[in-house]
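Notes follow the structure.
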Amino acid sequence: MTSSLCRVAPAAIVLAALALVFPGTPMRAQQSLAPTPHPVDWDALQRESVQVLRDYIRVNTTNPPGNEIEAARFLKRVLDREGIDARILDTTELGAGHANLYARLKGNGSRRAIALVHHMDVVPAVATYWTSGPFDAELKDGYIYGRGTLDMKGQGIAHLMAMIALKRAGAPLTRDIVFIANTNEENGGTGAAMFTKRHADLLSDVEYLFTEGGDNPVVDGVTRYYGVGVEEKRPYPLRLVAHGVPSHGSRPTKQNPVVKLVAALDRIAHYETPLHVVPGVARYFAALSQSYAGQQRAWLADVGAAIDDPAARVWLTNDVYWNAILRNTISMTMLTGSNKNNVIPPEASAHLDIRLLPDQDPAEFLAQITRIVADTSVSVLAQTTAKVRMDNSIDTDLYRAIERATHDRDPGALVTTPMFTAATDRPSYRALGIITYGFDPFRVESADMQKGMHGNDERISIQNMGWGVHYLFDVLRYAQ
Ligand SMILES: [Zn+2]
């Protein structure tokens, strides 16, 4: 996934926020977790998790080509050692070097299963921009450096080790824990699509699923919020093609498609998509309002009303993340005209990276852009169909389990639902009716996220590995 830009508040405001008890996340007396039959040595588990992650990073799954089958074999070896049955699937259908992996830790079956899903592939890394080899998994300054530590092999190993710890500890389980590792998330999402198409039977009892798309950003050592992703923007890439008449560049004509294209793009550039608040976003802003004062606090508390106030609109949309979660967005990216300076081409084209809010109608958006282009010689073409709408209730046992486990270790913490602006594999699973949360068990410095995710010197702290495995272990136990 690509990183979403987090709102970064001044430290003083964040610290003031910590003194408050947030609405929607009441501090309540709660039963803590009973000891497991076999106690977990958390220090030893942290050391082991770090080692397993380092070994996993060293399996180079840069996509393309991916070669995730080696990663799947690695995970299967670890699971085999623990006596957890794992299957490597879809090798023929996905093509050479690709595979999905599936494993299941049995509970008593009285409640429906929880799936932990990650992707094994990573985006390319240019070693010259890194201070250590991207696939060396070097330990430095308390961190593991390597491609995939944040996106998302680190989370995958947290899933794996939390599941292994549940088994070793003999924790009573009412729900099976399903572990899934997909191929090709960074290159078309075909791994999750293939898995859900061919193996819906393996998922028929799955009620909940965790994968990427949540974040717990840390600014100046303080965790700003614990963000559970319940919605995400829907990519809906469009292509504009202007049709004209080819001729010699020395004699300008009125049928030059490059001119038509530029004029159409100019009209789109001046078009402001309407602001629109979806429920998860309203909840996120309302929770965040507690760390602001005065007028800004009032605006955030009722952002649905604030978007009708011109001053509030300017303030809200000045933030690139807030702007992106309040409207459909249009980014112009690729342009093609002639391949020769003295030739007027027969056509010219542009690509628009469109991200729709979850509740929008793609056909209506396409019609709107066509109206704005207002030129019958310019075609507006959808490049894909938009994936299934992502929206998930937070009135669930699993969301409450996240709140409990979070407040156990960070009393008064804000647990909320920021919307993810990029795309994940979640829609493939959501299409089967599974409640699908973006949940990241780590607390990551915003600066590290910004720099490392799909960038350089991607890293995760050793302490975070231990913390994240324990946090996820507790969430899974509270959800039983
Ligand atoms: Zn990812």
Side-chain angles (χ1 to χ4, degrees), residues 30-59 74-86 103-108 114-116 118 137-146 148-150 152-179 181 210 216 218 223 226 398 401-402 404-411 413 439-444 459-480:
Q30 57 187 226
Q31 283 194 314
S32 54
L33 289 163
T36 50
H38 310 287
V40 179
D41 179 341
W42 292 107
D43 290 335
L45 192 68
Q46 175 175 304
R47 286 192 294 276
E48 184 182 355
S49 301
V50 166
Q51 190 53 52
V52 175
L53 176 59
R54 295 180 72 197
D55 292 341
Y56 193 29
I57 297 292
R58 290 179 184 127
V59 182
F74 167 82
L75 294 169
K76 180 167 165 50
R77 281 196 297 276
V78 177
L79 289 158
D80 285 349
R81 279 202 299 270
E82 301 295 323
I84 300 172
D85 185 41
R104 184 180 282 253
L105 176 63
K106 295 293 287 179
N108 70 14
I114 300 175
L116 309 172
H118 82 284
E138 201 177 312
L139 290 181
K140 212 166 48 174
D141 313 323
Y143 286 83
I144 309 156
Y145 283 74
T149 46
L150 296 175
M152 69 170 297
K153 285 178 168 171
Q155 288 185 49
I157 297 306
H159 294 169
L160 179 73
M161 298 310 292
M163 185 168 88
I164 287 172
L166 287 168
K167 180 166 194 288
R168 290 179 185 166
L173 296 177
T174 55
R175 300 176 182 276
D176 290 3
I177 307 295
V178 174
F179 177 87
F210 279 155
N216 314 316
V218 177
T223 308
Y226 292 78
L398 188 57
I402 295 169
R404 282 181 169 190
T406 307
H407 291 145
D408 279 353
R409 58 209 69 221
D410 193 349
F439 176 76
D440 185 339
F442 304 124
R443 298 180 297 183
V444 180
R459 66 179 192 171
I460 191 164
S461 74
I462 289 169
Q463 187 269 342
N464 225 340
M465 274 314 291
W467 196 91
V469 172
H470 197 167
Y471 181 30
L472 179 58
F473 178 92
D474 284 2
V475 169
L476 294 174
R477 289 198 66 209
Y478 271 129
Q480 298 303 313

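Here, residue 1 is the first one in the sequence, and each next residue gets the next number.
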Just how far is it from atom [atom1] of [X] to atom [atom2] of [Y], taken to the nearest 0.5 Å?
X    : Y    : atom1 : atom2 : value
L173 : N108 : CG    : CG    : 8.0 Å
I114 : L476 : CD1   : CG    : 5.5 Å
L75  : I84  : CG    : CD1   : 11.5 Å
D176 : M163 : CG    : CE    : 10.5 Å
D43  : E48  : CG    : CD    : 13.0 Å
I460 : W467 : CD1   : CH2   : 11.0 Å

If every non-hydrogen atom of [X] is compared with every non-hydrogen atom of [Y], which pair is closest and at what distance?
X    : Y    : value
Q155 : L150 : NE2-O, 3.9 Å
Q46  : Q463 : OE1-O, 3.8 Å
A86  : L79  : CB-CD1, 3.7 Å
P37  : A169 : CD-O, 3.2 Å
T406 : I402 : OG1-O, 2.5 Å
A401 : Y478 : CB-CB, 3.6 Å

Is there a donor-acceptor pair under 3.5 Å between the side chain of [X] and the backbone N or O of [Y]?
X    : Y    : value
N464 : R443 : yes
Q480 : R175 : yes
R168 : E82  : no
K153 : Y56  : yes
D440 : N216 : no
T149 : Y145 : no

Apply salt bridge (Lys or Arg N to Asp or Glu O under 4.0 Å) to the pair D80 and R77, showing each step before the final yes or no.
CA-CA 5 Å; D80 285 349; R77 281 196 297 276; over 6 Å; no
Taking C-beta and beyond as the side chain, do [X] and [Y] meet within less than 4.5 Å on heavy atoms?
X    : Y    : answer
F442 : V218 : no
V40  : L166 : no
D55  : V78  : no

Once salt bridge (charged side-chain N to carboxylate O under 4.0 Å, His left out) is applied, what residue pairs with a partner in residues 461-474 remain, sequence neighbours excluded?
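Qualifying pairs: R409-D474.
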Within the 6.0 Å centroid threshold, strictly below: H118 and F179
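So the answer is yes for these two rings.
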Audit row: L33, F473, side chain to side chain contact (heavy atoms under 4.5 Å, CB included) steps and yes/no
CA-CA 11 Å; L33 289 163; F473 178 92; 5.9 Å; no
Determine whether L45 and H470 satisfy the following criterion, side chain to side chain contact (heavy atoms under 4.5 Å, CB included), listing intermediate values before the conclusion.
CA-CA 9 Å; L45 192 68; H470 197 167; over 6 Å; no
Begin with the C-alpha distance, continue with both residues' side-chain angles, and end with the deciding distance and a verdict on side chain to side chain contact (heavy atoms under 4.5 Å, CB included) for I57 and R54.
CA-CA 5 Å; I57 297 292; R54 295 180 72 197; 5.7 Å; no
Show, in sequence, the C-alpha distance, side-chain angles and deciding distance for V475 and F439, and conclude whether the side chain to side chain contact (heavy atoms under 4.5 Å, CB included) test is met.
CA-CA 11 Å; V475 169; F439 176 76; 4.0 Å; yes
